[in-house]
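Down below is the structure, laid out as structure tokens.
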Amino acid sequence: MSSKANAFAANVGLSAGVLHEQDQYVQGTFKVVTNAAWGNPYASEGDITGKGWGEVLADNPYTEIRDADHSKESYEQASRESKDAWRSAIHDVNSSDILLSNQIIDAAGLRDEMDQVVEDVAGPAPKPPTGGAR
């Protein structure tokens, strides 16, 4: 911190560290507000405050569309992931204890038969992804 900042802090009765912390807090708050208005809705507050202003401003709906991957491979991957998500949802509903129909199927001892029908119609349940978060 410069000597002018230290002198200012001393004149107003603050230590330079406190002034720096306040500045970081205010910048972090403005980054979070900016992100809430225009940025990534899934980013946590910690993710946003840890970024520089250029990164905060670069992550928005416009740049997501502008920089999107429109390759054939990207569309094929999206199609596979969408099908896997639907298959997973079907298997999740089939195994849910909340549904009365599943409780009746289980009570009647027909779980194996129902699981086989679901697998015949929807295919096997997808395996969980092995890679890190995207």
Side-chain angles (χ1 to χ4, degrees):
M1 191 167 277
S2 72
S3 61
K4 287 183 181 181
N6 285 332
F8 173 76
N11 288 337
V12 295
L14 298 172
S15 72
V18 171
L19 188 60
H20 176 74
E21 287 298 318
Q22 286 178 333
D23 181 55
Q24 294 302 307
Y25 176 78
V26 169
Q27 278 198 45
T29 301
F30 279 119
K31 287 177 186 177
V32 170
V33 169
T34 300
N35 183 70
W38 181 243
N40 179 354
Y42 304 106
S44 70
E45 184 174 327
D47 292 340
I48 297 305
T49 56
K51 291 182 176 182
W53 273 105
E55 292 173 294
V56 172
L57 296 172
D59 191 6
N60 61 68
Y62 172 75
T63 57
E64 291 292 326
I65 292 169
R66 182 193 68 196
D67 301 336
D69 180 2
H70 295 288
S71 68
K72 180 181 176 186
E73 294 80 17
S74 176
Y75 281 96
E76 289 171 350
Q77 179 181 357
S79 176
R80 282 190 306 274
E81 289 176 2
S82 177
K83 289 175 185 174
D84 284 349
W86 276 108
R87 281 198 338 246
S88 182
I90 291 167
H91 283 276
D92 287 349
V93 169
N94 177 56
S95 64
S96 173
D97 291 336
I98 294 174
L99 298 177
L100 179 60
S101 59
N102 284 340
Q103 293 175 19
I104 293 169
I105 289 167
D106 291 341
L110 300 172
R111 173 54 47 205
D112 290 340
E113 289 84 353
M114 187 58 165
D115 288 347
Q116 187 59 50
V117 169
V118 168
E119 191 159 321
D120 290 345
V121 172
K127 304 275 190 266
T130 57
R134 291 175 41 169

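Partners of Tyr42 under the side-chain contact (heavy atoms from CB on, under 4.5 Å) rule, at least two apart in sequence or in another chain, are Asn40. Here Asp120 pairs with Gln116 under the side-chain hydrogen bond (donor to acceptor under 3.5 Å, both in side chains) rule; sequence neighbours left out. Remark: Glu73 pairs with no residue by the salt bridge (Lys or Arg N to Asp or Glu O under 4.0 Å) rule, at least two apart or across chains. Contacts of Asp47 classified as salt bridge (Lys or Arg N to Asp or Glu O under 4.0 Å), with partners at least two apart in sequence or in another chain: none. Asp69 meets the side-chain hydrogen bond (donor to acceptor under 3.5 Å, both in side chains) test with Ser71; sequence neighbours excluded. Partners of Ile104 by side-chain contact (heavy atoms from CB on, under 4.5 Å), not counting sequence neighbours, listed by chain and number: Leu100.
The environment of Asp67 atom CG is dense: over 12 non-hydrogen atoms of other residues, nucleotides or ligands sit within 6.0 angstrom.
Hydrophobic clustering, defined by side-chain heavy atoms of Ile, Leu, Val, Met, Phe, Trp and Tyr closer than 4.5 Å, leaves Ile98 isolated from every other such residue. In the hydrophobic clustering, where aliphatic and aromatic side chains (Ile, Leu, Val, Met, Phe, Trp, Tyr) are joined below 4.5 Å either directly or transitively, Val118 groups with Ile90. Hydrophobic side-chain contacts under 4.5 Å tie Trp86 to no other Ile, Leu, Val, Met, Phe, Trp or Tyr residue. Other cluster members for Val33: none, since no ILVMFWY side-chain heavy atom sits under 4.5 Å from it.
Between Arg87 and Pro124, the closest heavy-atom pair is NE-O, 2.9 Å. Contact detail for Val56 and Lys31: the closest heavy-atom pair is CG1-O, 3.9 Å. Nearest heavy-atom pair across Ala43 and Asn35 is CB-ND2, 4.3 Å.
Distance alone, capped at 3.5 Å, is enough to place a donor-acceptor pair between the Thr29 side chain and the Tyr25 backbone. Under the 3.5 Å distance criterion, the side-chain polar atoms of Ser74 are left unmatched by any main-chain donor or acceptor of His70.
Residue pairs meeting the salt bridge (charged side-chain N to carboxylate O under 4.0 Å, His left out) criterion with at least one partner in residues 107-118, sequence neighbours excluded, are Asp106-Arg111, Arg111-Asp115. Under the salt bridge (charged side-chain N to carboxylate O under 4.0 Å, His left out) criterion, the residue pairs touching residues 52-61 are Lys51-Asp59, with sequence neighbours excluded.
Expressed to the nearest 0.5 Å, how far NE2 of His91 lies from CD of Glu119 amounts to 6.0 Å. Glu64 contributes atom CD, which lies 10.0 Å from atom CZ of Arg66 (distance to the nearest 0.5 angstrom). The distance from the CH2 atom of Trp38 to the OH atom of Tyr62 is 9.5 Å, given to the nearest 0.5 Å. Considering CG of Asn60 and CD1 of Ile65, their distance stands at 9.0 Å, rounded to 0.5 Å.
When the side chains of ILVMFWY residues are joined at heavy-atom separations under 4.5 Å, either directly or via intervening members, Leu57 and Val26 end up in a single hydrophobic cluster.
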Worksheet item: Hey, mind stepping through Asp97 and Asn102 against side-chain contact (heavy atoms from CB on, under 4.5 Å) and telling me if it holds?
Response: CA-CA 6 Å; Asp97 291 336; Asn102 284 340; 5.7 Å; no

